[in-house]
Every structure is written in structure tokens, then in C-alpha cells.
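Structure record follows, encoded as C-alpha cells.
Worth saying up front: this structure is predicted, and the values here are computed from it rather than measured. Quick note on labels: first sequence line is chain A, next is B, and so on, each numbered from 1.
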Amino acid sequence: MSGKELPKSYEPKSVEERWYAFWLEKGYFHADENAGGEPFSIVIPPPNVTGSLHIGHALNSTLQDILVRWARMSGRNTLWVPGTDHAGIATQNVVERQLTKEHIDRHALGREKFIEKVWEWKKVYGGRIISQLKRLGASCDWQRERFTMDEGLSRAVREVFVALYEEGLIYRGERLINWCPRCHTALSDIEVEHEDEKGKLYHIAYPLSHDHNIRLTVATTRPETMLGDTAVAVHPLDPRYKDLIGKTIDLPLTARRVPIIGDSVLVDLEFGTGAVKVTPAHDFNDYEAGQRQVPPLPLISILNEKAEIVPDIPDINPDVRKQIAWKPAKKARGIVVEMLKEQGFLVKTEDHSHSIGKCYRCKTIVEPHLSPQWFVKTVSLAQPAIKVVEEGKVQFYPKGWENTYFDWMRNIKDWCISRQIWWGHRIPAWYCKKCDNGILENSIGVGGVGEASAIPSGEENTTTIAINATPIVQREEPRKCPRCGSTEFIQDPDVLDTWFSSALWPFSTLGWPDKTKELASYYPTSVLITSFDIIFFWVARMIMMGLYCMKEAPFRHVYIHALVRDAEGLKMSKSKGNVIDPLVMIDQYGTDAFRFTLTAFAAQGRDIKMSTERIEGYRNFANKIWNASRFVLMNLEQDFVPNVELLTKDTSLADRWILSRMNTMSKNIQQALADYRFNDMASSLYQFIWHEYCDWYLELSKPALNQERGSASRSAAQTVLAHVLETSLRLLHPIMPFITEEIWQSLPEKVRARGRGARGKGESIMVSSYPIADEKVINAEIEQDMQMVMDIILAIRNIRGEMNIAPSMQINANVKVETEELGEHLQKSSSYVMTLSRLKELRIGVEERKPKSAATGVIKGAEVYVPLEGLLDLTQERDRLQKEIAKISKDIDIFFKKLSNKDFVEKAPKAVVEKDTSKLEEFKVKRDKLERSLKMLG
RNA sequence: GGGCGGAUAGCUCAGCUGGGAGAGCACAGCCCUUACAAGGCUGGGGUCACAGGUUCGAUCCCUGUUCCGCCUACCA
């Protein structure tokens with residue numbers, strides 16, 4: 001009786017669901033921290049709770065799953081920690097938008113209620129991305145799923161904050177920071193995206209105070225900020241202006257008189273007019289230039305938190321004020337320019353392109369904004385983090401990213417960690433209501449003149465704490481003020497940058513600050529798999545925090561994977577409508593095909609251009625495996641017992657060849673995985689399974705399989721066939737987990753048993769052992785011998801094709817070999833040649849001569865002749881070919897001449913020319929073919 | 001401005017330490033041969049961007065040039 005029957009083509013849907021449930025139920029994903037053994041651990045880059053699975057996650061998770069499954073099958077104590085990130089600003093924005101739809105205002109709702117809403121939202125939607133990972137087949141330890149705002153992780157955050165504060169590595173300061181006027185919060189430097197935009201460069205003439213007829217012209221892209229100017233700067237060595245330093249100008253549109261200062265850093269002699277307006281409250285360079293002055297230049301803030309002009313700019317002319325107050329900065333620009341023009345101060349306007357900073361969450365133009373914020377002092381944290389990479393304790397793949405890392409780390413600036421939003425880890429700092437009373441009451445509006453009116457007053461959750469208040473920083477809310485003993489406190493309203501908690505992820509998820517068994521077993525993790533765009537946001541900060549808290553870097557390797565783009569190479573985005581949805585792909589082609597596609601394209605250092613055609617190609621591969629397995633199963637009895645001894649004995653050439661090839665592949669795969677060359681792994685498997693196992697070995701084994709049941713040759717073929725399939729499935733499993741499990745489970749028990757892992761006892765391929773190459777079986781000589789057999793078969797098939805000999809027609813072939821030895825080798829394999837090239841008779845020898853009428857094929861070490869007598873009349877055939885060649889040559893000449901004629905090409909309709917061109921090509925191809933056939937006839 | 005990466009068949013890309021130019025898709029011809037038409041067999045197609053250099057030998061190493069991406073920066 002033949003073996004188990006499989007359906008004719010692979011149907012992924014039911015298979016995937018069934019096996020994922022099975023794996024979960026068996027608990028294969030769960031890691032046992034007490035199990036011992038060499039650990040292998042990965043923490044997932046936690047996706048935002050707001051997210052839904054996009055193709056980048058799919059790639060990222062597939063690669064992690066490959067490593068994790070590989071490690072697990074290789075017997076390592078394997079843990080993959082999943083989880084999600086609370087994504088402060090992003091999530092707050094999402095929920096806020098949802099509330100707006102319900103006509104609810106966040107401020108009206110109040111802080112506590114709003115946070116409750118966010119948690120509700122998280123409960124409903126926060127698990128979405130996680131469940132999508134399951135469809136991808138991700139073998140995460142779901143029992144250890146974490147969220148960055150879990151109690152444990154929040155405790156870790158407070159612990160680190162307090163420790164850093166106590167060491168002076170966290171401080172509060174009033175600085176010019178990046179401010180998003182839409183999100184109403186500070187941003188760190190890297191949260192600002194720069195984009196080049198076309199703008200104007202305005203030249204404005206400022207009249208000198210002592211003689212209004214003399215004017216100093218400045219150039220600016222932001223004329224509206226002139227209302228906040230507190231100086232004009234020139235280069236101290238500029239012969240044009242250096243004598244003006246120390247004098248003053250009268251600022252147009254205001255009653256303000258500001259000094260002309262010299263600053264060699266701020267002013268570039270070559271650029272613009274050589275004179276720069278200085279607005280310290282609205283430009284980072286100007287701010288620094290202002291600080292360089294003794295005494296420092298005053299700061300005049302002219303914008304509120306929504307980037308609108310404040311109504312009470314000092315010294316402003318009343319009529320100007322009337323027109324401009326409360327206008328958004330961009331509108332104010334037009335108004336100011338118009339007024340300057342009217343009053344004759346605008347000299348000229350030029351086109352000018354420059355980069356503009358935008359909020360990475362909402363793309364709003366970011367404004368420099370003076371305000372009290374919390375910062376991490378990064379220099380001393382960065383030093384050891386640079387060192388571990390320099391010393392190779394942390395290695396990047398591909399290595400080139402280390403430069404990017406060094407570049408940033410060596411120029412690192414202090415990290416602004418406070419955010420003026422509500423969703424996130426509240427900063428563990430409190431202020432005594434009694435000691436800081438006055439400061440708290442009057443604190444609103446600190447950071448710039450005129451901001452007070454922009455902030456709804458009186459609510460705790462929008463209070464700005466003055467910079468001179470004294471924070472009490474500790475893990476829990478203080479009971480008693482250490483200074484006055486008062487028991488009433490106000491907590492700092494700010495929350496922490498989302499990336500602060502992400503930075504702790506590799507150890508906070510394992511139970512830190514407690515000394516857990518998990519930390520001991522799995523920290524540091526083995527490898528981090530992520531994308532280059534968060535090297536600064538996340539990778540660098542994890543290394544700093546890992547070293548600070550754990551005294552050891554959080555991972556040994558960092559694999560930076562490609563960015564997935566669309567077929568045209570454009571970034572996928574919803575607005576472009578070019579997004580490929582992983583879930584749709586999975587529905588359409590199956591998870592395995594999708595995963596294989598991602599893997600096959602995951603070459604290091606290059607972006608992936610994704611298209612459905614490619615996935616389709618690998619869907620076909622899945623189907624190929626399926627059908628090959630069907631064939632094998634048809635030829636195996638369900639109670640089949642492999643004759644294992646045969647595998648090490650002298651078996652047929654084909655058997656030894658496929659075993660040698662398989663072990664070669666297996667060796668390549670081990671190396672590829674160790675080097676994170678995922679694409680090499682995929683192509684090795686593809687090439688071997690399809691083009692060696694299916695195309696050749698399956699065909700070669702057919703004669704043996706047709707032998708009597710129980711015969712030695714049949715048994716050997718069955719054994720090798722099953723063994724190679726079973727091993728290939730295990731090799732493939734990390735990439736294609738579902739189909740491999742489905743087929744593997746259908747194999748006869750004794751075949752499966754060969755791959756049995758210690759843990760699984762043969763009940764799942766997931767816990768079987770990962771194949772290790774047996775180098776003894778790799779045999780170059782065998783591979784060479786087989787290559788010759790294949791070459792001869794190919795040569796004969798080639799002749800058949802060129803001569804148009806029907807596949808069903810049996811023919812003869814003679815092979816003239818160069819040496820007797822080769823002849824003997826070939827003789828042994830003659831049945832392969834007979835079968836695969838459908839021969840009636842095959843003669844092999846050194847003495848063979850070319851028959852009178854025969855086609856010839858030349859290969860390494862031999863010549864192949866196919867006598868054509870009786871098949872076709874040679875002289876007649878030759879005549880026919882020659883005639884056809886002559887005829888087609890004439891046509892070619894005609895077309896060639898026609899197309900060489902300039903007049904024709906230029907004047908004839910395009911379509912006609914194109915048609916003729918392609919015809920010419922077609923003729924040429926035909927002639928080539930005829931010539932080849934003629935040549936073959938000799 | 002600085003840095004990184006890319007340029008190989010019509011398209012998308014492999015090609016790891018210098019010696020064979022490759023794969024998939026597309027294309028052409030022949031085949032429904034009982035694993036698979038989502039398939040089989042066969043075939044056409046490339047000045048490895050350009051110019052120099054090193055070498056017995058260069059797609060690969062070095063120098064320069066051009067074009068295309070990306071990252072980064074305080075170019076008012």
C-alpha cells in the first residue's frame with residue numbers, strides 16, 4: 001500500500017492555523033530560565049501599540065524567528081521576548097484624534113480621565129499588532145509579553161531616573177529646545193526630521209541709530225522673527241562692517257534699539273550680506289551667539305506654544321501689534337514683509353532653499369522654544385558605549401553601520417527627555433507646595449514673555465514648573481518635605497520621552513531591577529535585529545543604559561536589516577497608496593511564501609524592493625516542495641523503515657551525489673546563518689531543493705523506485721529520497737515553518753525519527769534537531785562524475801530541441817570519451833543517461849566516431865553524437881536550413897537598410913519604426929537558431 | 001558641507017578571501033511525460049557605469065569621473 005495522500009496543491013490557510021495552535025498548546029515557544037544549556041535570547045524591537053503590522057515588522061520578525069527557530073532546533077536555551085511600546089506622542093495623538101471625532105477636547109476631559117481613555121484604547125487596539133505577529137508564525141514566548149508601561153517596567157524607569165539624577169547625570173535646565181507647536185511638547189534633536197524646502201531669502205535694511213540714512217542690510221529666511229531681534233551680528237574681521245561693532249541700530253516696526261555685535265562663529269563672510277539679525281529666542285545659533293556675549297543678549301520670545309505671535313512683544317509699534325497679534329508664524333511672515341516693504345526697509349527678495357525641521361510624529365514645522373526641561377547628560381554615558389563597539393564586544397552587521405554609530409556618539413548632545421504630554425512615564429520629581437509656593441503659583445508663562453495667555457491657568461496638568469523650583473527626585477512620592485516638613489506636593493507634570501523606557505527594554509523585560517533568574521540566564525541577549533533608522537533613537541541608548549545599569553552591553557551583535565520599499569524603490573506610505581499589507585500577502589500566498597520572499601531579498605546593505613510577483617514566485621516554490629513530497633510519499637509505505645546503513649555504504653552514483661550535495665548545502669547554511677546572510681541561506685535551499693533534488697534526483701530515482709518492492713535498489717532509493725527530504729525540511733523550517741511541519745508530520749514515523757530532537761520526541765519538526773553537515777559525505781569526485789552524466793544528458797536534450805525531435809521519439813546516441821577511465825565511469829551510469837534523455841541505445845567509448853549523419857554536442861571530456869539517419873534526411877535538412885537562412889538573410893538586409901535610412905526613421909510614424917525594429921530583431925534570432933542547427937549537423 | 005551605499009541580462013538582484021559571469025521574472029520554441037501547467041525540457045540575451053593603475057590575470061583591489069539613493073550638519 002502506498003503512503004499518505006496529500007492534496008494536489010498546497011493550501012496554506014488551514015495548515016497555518018492548525019500548526020500554530022498546536023505549537024502554542026505544546027508550549028514550544030516558552031523558554032525555561034532554569035533549564036540551563038547555552039542560552040540564545042532576543043528581545044523584539046517593541047512595535048508601537050498604535051501600529052498595525054507593516055512590511056518592515058514582517059521582515060524584522062521573520063529574521064528574528066529564523067534565528068530563534070534555528071537556535072531552538074540547535075538545542076540552545078532559546079528565548080524571544082515580545083512586547084509593545086507605549087509610544088507616547090504617537091499614541092496620545094491617535095487617542096486625541098479619536099476623541100475629537102466624538103467632540104471631546106483633551107483639556108476639557110482633564111489629565112486623569114484622558115489617560116484612562118488611553119488605557120481603554122490600549123486594551124482594545126494595543127494587542128492588534130501582536131496578534132498579527134502570530135499569523136506570521138513568530139515563535140515568541142507569549143507568556144513573557146511586556147508593555148513599556150507595565151508596572152515592572154515603570155519601576156525600572158523610576159529606578160534609572162533616580163540613579164542618574166543622584167549621580168548628576170540627569171538635570172533640569174532652561175534651554176532652547178525643539179518644540180512641536182501641534183503636539184505641544186519638546187522634542188529631542190533626533191525627533192526632528194530635516195527636509196529641504198524652497199523658500200525666500202529676504203534682505204532687510206536696518207537703519208543705524210546715529211544716522212538713519214546709513215543702513216545695515218541683513219539677510220534672513222524668517223523675517224517675522226525680527227520682532228524678537230536683540231542684536232545684529234557682523235564678522236569682527238569684516239572690513240565693511242567691523243567699525244560698526246558697538247554701535248546700535250533702530251529695529252524697524254518697533255521702538256527697540258539693538259547693538260551691533262561681532263561674532264566670528266555666527267557670521268559667514270561669504271554668505272548673504274555679511275550681516276545677520278540675531279534672535280536668540282528663536283534660533284539655536286543665535287541663542288548660542290547671545291550666550292557668548294557679556295552680558296548675554298536678552299531673549300525676546302515672540303511666539304507662543306502654538307507658534308502664534310504673542311500680543312505683548314515689548315517695544316512693538318501698536319499698529320504692527322494690532323495687525324499681527326495671534327497670527328500663526330507663517331501668516332505673520334507675509335504681514336511683516338508687507339509692512340517692511342511699505343516702509344522701505346525691504347531691499348530685495350531672493351529664492352533660497354534650506355532645510356526645515358519637522359516633527360517626526362506629525363510633520364509640523366518645529367520651532368526653537370525656550371523652556372525648562374529635563375536632560376540626560378550623555379557624554380559620560382557615551383564613552384563606554386563607544387568603547388564596547390570599538391573593542392568588538394558589540395558588533396554591527398553590516399559593519400559599515402558602526403561608522404554611523406560612532407559619528408553620532410562622538411558628537412552626542414544632551415538628551416532632552418521631558419515631554420509636555422500626558423501619556424507616558426511621569427517624571428518622578430515633586431515640588432513642595434509650601435517651599436516652592438510662589439514659584440508654582442507664578443510659574444505659568446515662564447520661558448518667554450507673553451506666553452501666559454496661551455496656557456489655560458489653574459489646572460495642575462498644564463502647570464509649568466519654574467526653573468528655580470527645587471525638585472525632590474525619588475522613586476515614590478515623598479511623604480514629607482525634607483526642608484520644611486510639609487506634606488503637600490505637586491508632581492512634575494512632564495512625562496518621559498518614550499525612548500527612555502525603550503532604552504531599558506533588554507533588561508527591564510527580564511525583571512530588572514530585581515536580580516532575576518531570567519536576567520542571569522538571558523542577559524546580555526545574543527543579537528538585536530532592527531532597522532537603521534532607530535540606531536540613534538534606540539540602539540545607541542540601549543547600549544548606554546545597558547552598560548550603566550547592567551555593566552554589560554545588552555547584546556553582542558546588532559543586525560541592521562534593509563528597508564522594504566515598493567517595486568519602484570519608493571518608501572511605502574499610506575498617502576502614496578503603495579503599501580503592501582503583509583496580512584493581505586499572507587492571505588493570498590501563504591505565510592511561508594511571504595517569509596521566504598523577505599528572506600531571499602534580505603541581502604545586507606541593500607534595500608528591498610518588494611512586489612507581489614516575487615512573492616508569487618516563492619509561492620510556486622512552496623508548491624514545488626509540496627508536490628515533490630507528494631511524490632516521495634506515494635513511493636513510501638506508511639510503515640517504511642529507512643535502511644540507514646545504506647546511507648554510509650557504497651550506493652549508486654545518484655544517491656551519493658545527492659547526499660554529497662545536500663551536505664554541502666547544509667554546511668553553507670550553517671555558515672550563512674552564523675554570518676546573518678539570510679539571503680544566501682534562502683537561495684541555497686531554493687537551488688538545492690528545486691534544481692538538484694527535484695529536477696535531477698527525483699527523476700534519477702524513478703527507475704529504482706519502479707523496481708520490485710523490497711529490492712535493494714528500490715529500498716536504497718526510498719531511503720535516500722526520504723532522508724534528503726526530511727533533512728531538507730528541517731533545514732528549511734526556520735524560514736518556512738508551516739509547510740515544513742505539515743509535510744514532516746505526514747512522513748512515516750521511522751523517517752521522522754531520524755531528525756528527532758531530545759525535547760520533542762518526534763512530535764514536531766519545531767523541536768527536532770537542526771541538521772549539521774556530515775563532511776565525510778561531501779565528495780568532490782562524485783559530484784564531478786555526476787556532473788559529466790548530467791552534461792551528456794543536457795547535450796542530448798539540446799540536440800533534441802534544436803533538431804525538433806519529438807520528446808516521445810526514442811533515439812540513439814554515441815559518446816566519444818577522452819579516456820578509458822571516463823568511459824568506465826560513464827558506462828556505470830548509462831542507465832541514467834538512457835532514461836533522462838530517452839534513448840533506445842547508448843554507445844560509449846574512446847573509439848567512437850561521428851556517424852555520417854549526426855548532430856554533435858561537445859562537453860568537457862567527451863563528444864556526443866546523435867545519429868539522425870532515419871529521423872531526418874541530412875542532406876535535405878541541410879539544404880532546407882541553408883535555403884531558409886538565405887531567405888531570412890534577405891529579409892534582414894531589407895529591414896536593415898530601411899532602418900539605416902535616416903529619413904525613414906525620422907519621418908515615418910513611430911509605431912511603424914518600432915514594429916520594423918522588433919521584426920528585425922525577430923529575424924535575427926531566427927537566423928541564429930537556424931545557423932546553430934546547421935552547425936550541429938556538421 | 002561631511003559621510004555612506006549603489007551602478008552586473010529587458011526588469012529585480014546574487015556574486016563571501018582576485019581565475020567559471022550567474023539566479024528569478026520576462027521573452028522564444030517544444031511538451032498536459034501518472035509529483036507538480038503555480039509545471040517540464042530547450043534556447044536567446046551582458047564592453048560587469050566610465051577612465052586610468054596594481055597584477056600572470058580585475059565585476060572584485062587602488063585612484064579619479066559621471067549618474068542615482070540615503071544619512072548627517074548651527075548654509076542666516
Separation of the [atom1] atoms in [N] and [M], to the nearest angstrom:
N	M	atom1	result
B:rU12	B:rA26	C1'	11 Å
B:rG40	B:rA7	C1'	36 Å
B:rC25	B:rC61	P	30 Å
B:rA14	B:rU8	C1'	10 Å
B:rU59	B:rC48	C1'	5 Å
B:rA38	B:rG24	C1'	14 Å
B:rC62	B:rU17	P	11 Å
B:rC11	B:rG18	C1'	30 Å

The side chain of [X] lies closest to which of these nucleotides: [options]?
X	options	result
A:E802	B:rU42, B:rU12, B:rA35	B:rU42
A:K624	B:rG43, B:rG39, B:rC41	B:rG39
A:D680	B:rA35, B:rU42, B:rA14	B:rA14
A:E699	B:rU42, B:rA76, B:rC36	B:rC36
A:F536	B:rG40, B:rU42, B:rU72	B:rU72
A:R630	B:rG24, B:rG43, B:rA35	B:rA35
A:N627	B:rC41, B:rA35, B:rA76	B:rA35
A:F271	B:rG43, B:rC75, B:rC36	B:rC75

For [X] and [N], is the shortest distance between a side-chain N/O and OP1 or OP2 below 4.0 Å?
X	N	answer
A:K860	B:rG20	no
A:K702	B:rU34	no
A:R677	B:rC16	no
A:N620	B:rG39	yes
A:H194	B:rC71	no

Partner of [N] by Watson-Crick or G-U wobble geometry, both contacts under 3.5 Å, or none?
N	answer
B:rA28	B:rU42
B:rG18	none
B:rU54	none
B:rC48	none
B:rA7	B:rU66
B:rU12	B:rA23

Could you check, using the six-membered ring where one of them is a Trp, whether A:W626 and A:Y10 have ring centers closer than 6.0 angstrom?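 Aromatic pair counts; centres sit under 6.0 Å.
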
Base, sugar-phosphate or nothing for [X]? Non-hydrogen atoms, less than 4.0 Å.
X	value
A:N623	base
A:K8	sugar-phosphate
A:G590	nothing
A:H282	nothing

Residue closer to the 5' end of RNA chain B, A:W690 versus A:F532 (nearest nucleotide):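 Nearest nucleotide further toward 5': that of A:W690.
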
RNA chain B: A:C694 or A:S683, which has the more 5' nearest nucleotide? A:S683

Over how many whole Å does the gap from [X] atom [atom1] to [N] atom [atom2] extend?
X	N	atom1	atom2	result
A:E613	B:rC13	CD	C1'	15 Å
A:F601	B:rU12	CZ	P	11 Å
A:Y589	B:rC25	OH	C1'	13 Å
A:L698	B:rA35	CG	P	9 Å
A:L721	B:rA35	CG	P	12 Å
A:R838	B:rU33	CZ	C1'	5 Å
A:Q687	B:rG24	CD	C1'	11 Å
A:W696	B:rA35	CH2	P	17 Å

Any side-chain donor-acceptor pair under 3.5 Å between A:E193 and A:Y360? no

Judged by modelled atom types alone, do A:K348 and A:T217 share a side-chain donor-acceptor pair under 3.5 Å?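 A:K348 vs A:T217: no donor-acceptor pair found between side chains.
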
Taking the basic N atoms (NZ, or NE/NH1/NH2) and the acidic carboxylate oxygens, is any pair closer than 4.0 Å for A:D263 and A:R292? yes

So which protein N/O to nucleotides 1-5 of chain B N/O distances come out below 3.5 Å?
none

State, yes or no, whether a side-chain contact exists between [X] and [Y] at a heavy-atom distance under 4.5 Å.
X	Y	answer
A:W179	A:L370	no
A:Y559	A:Y397	yes
A:W401	A:V558	no
A:V720	A:Y697	yes

Taking side chain to side chain contact (heavy atoms under 4.5 Å, CB included) as the test, write out the residues that go with A:D587, two or more places apart.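 Here the qualifying residues are A:K13, A:R135.
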
Test of understanding: with side chain to side chain contact (heavy atoms under 4.5 Å, CB included), list the residues that count as partners of A:E11, not counting sequence neighbours.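 In terms of side chain to side chain contact (heavy atoms under 4.5 Å, CB included), with neighbours along the sequence ignored, A:E11 is linked to A:S9.
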
Using the side chain to side chain donor-acceptor pair (under 3.5 Å) rule, take A:E616 and A:N620 through it: C-alpha gap first, then chi angles, then the decisive distance, then the call. CA-CA 6 Å; A:E616 205 176 303; A:N620 295 353; 5.5 Å; no

